[in-house]
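Below is one structure; the comments refer to it alone.
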Amino acid sequence: MLDRIHLLAAVTVLGVLEQAYFFLQVIYARRAFGISPPKISGPPEFERVFRAQVNSSEYFPIFLALLWQAGLFFHQGLAAALGLLYLYARYCYFMGYRASSSERLAPIYFSTGVLWILVAASALGILHFFLSHYTGLSVLQLLTA
């Protein structure tokens, strides 16, 4: 069983570490700009770091669910590769947003595209499972026939 999930687990750990890095960046920005919790407003430089972290945190559960569904039901290697692309795009998003709000756009569009591919892989994998499990039909056989 572990050979079916080890890549997904590794990408999950990398994602958690990335989230921790984003959290630390907010802490450093709070110290640099003198913004004490629970305040969330301050100079634009602080607010961009804060928003980049919050936005990344909001998407993280969606990413994890899609990563694991696509990996378990479609293909672990493809899901893990897409997961690495997503994490890289999120890092670029964070760094771009920290520099300027306009520099977040290309990475956010790219990461959203990766999420949509994970949605498609998840849906196809789950559809294949249901069809083969409950009806005995194979999507692969239908496509090659």
Side-chain angles (χ1 to χ4, degrees), residues 1-31 35 37-42 44-145:
M1 165 81 179
L2 292 178
D3 60 329
R4 293 199 52 206
I5 62 170
H6 66 283
L7 297 175
L8 302 174
V11 172
T12 299
V13 170
L14 288 175
V16 169
L17 291 173
E18 182 178 69
Q19 289 297 307
Y21 173 76
F22 295 161
F23 290 137
L24 287 173
Q25 294 307 301
V26 172
I27 291 170
Y28 298 149
R30 283 188 180 282
R31 289 179 184 159
I35 311 291
K39 288 184 182 179
I40 57 171
S41 61
E45 295 83 5
F46 168 76
E47 290 183 7
R48 287 196 308 268
V49 171
F50 181 79
R51 287 304 314 156
Q53 181 270 319
V54 170
N55 290 346
S56 296
S57 295
E58 290 169 347
Y59 276 87
F60 195 62
I62 297 167
F63 163 68
L64 286 180
L66 292 173
L67 172 74
W68 281 85
Q69 287 175 10
L72 293 175
F73 287 98
F74 192 79
H75 190 276
Q76 178 187 205
L78 176 67
L82 290 169
L84 290 174
L85 275 175
Y86 176 82
L87 294 177
Y88 176 71
R90 266 297 157 173
Y91 178 79
C92 292
Y93 164 81
F94 186 89
M95 298 313 252
Y97 204 168
R98 185 165 80 174
S100 165
S101 62
S102 63
E103 290 189 38
R104 78 190 194 290
L105 296 176
I108 195 69
Y109 294 147
F110 184 78
S111 66
T112 301
V114 172
L115 285 180
W116 279 112
I117 295 169
L118 285 169
V119 166
S122 298
L124 285 173
I126 292 169
L127 176 64
H128 177 263
F129 174 80
F130 279 130
L131 287 175
S132 64
H133 188 74
Y134 293 109
T135 67
L137 294 173
S138 172
V139 174
L140 296 175
Q141 288 174 346
L142 291 174
L143 291 174
T144 58

Parallel, tilted or perpendicular for Phe63 and Phe60, by the 30°/60° rule? tilted
CD of Gln25 to CZ of Arg98, rounded to nearest 0.5 Å, is 5.0 Å
State, with a plain yes or no, whether a side-chain heavy atom of His6 is found less than 4.5 Å away from one of Gln76. yes
Side-chain donor/acceptor of Arg104 to backbone N/O of Ser101, under 3.5 Å: yes
Considering only heavy atoms from C-beta outward, does the side chain of Phe94 approach that of Val49 to under 4.5 Å? yes
For Gly96 and Glu103, work out which heavy atoms get closest and say how close. O-CB, 3.4 Å
Is any side-chain heavy atom of Ser56 less than 4.5 Å from a side-chain heavy atom of Tyr93? yes
pair Phe110-Leu85: side-chain heavy atoms closer than 4.5 Å: yes
Any non-hydrogen side-chain atom of Ser41 less than 4.5 Å from a side-chain atom of Glu47? yes
Specify the closest pair of heavy atoms between Ala70 and Ala121, including all atoms of both residues, with the distance to one decimal. CB-CB, 4.0 Å
Does some side-chain heavy atom of Ile40 sit less than 4.5 Å from a side-chain heavy atom of Arg30? yes
List in chain and number order the residues that pass side chain to side chain donor-acceptor pair (under 3.5 Å) with Thr112, two or more places apart in sequence or in another chain; answer none if no residue qualifies. none
May I ask you to test the Ile35-Phe50 pair for a side-chain heavy-atom distance under 4.5 Å? no
Report the distance from atom CD of Gln19 to atom CZ of Phe23, rounding to the nearest 0.5 Å. 5.5 Å
Rounded to the nearest 0.5 Å, the CG atom of Leu78 sits from the CG atom of Leu118 at a distance of 7.5 Å
What is the distance from atom CZ of Phe129 to atom CG of Leu72, rounded to the nearest 0.5 Å? 11.0 Å
Side-chain touch Leu67/Tyr86, heavy atoms, less than 4.5 angstrom: no
First locate atom CD1 of Ile108, then atom CG of Leu105, and finally report the distance between them rounded to the nearest 0.5 Å. 9.0 Å
Between CG of Leu137 and NE2 of His128, what distance do you get to the nearest 0.5 Å? 9.5 Å
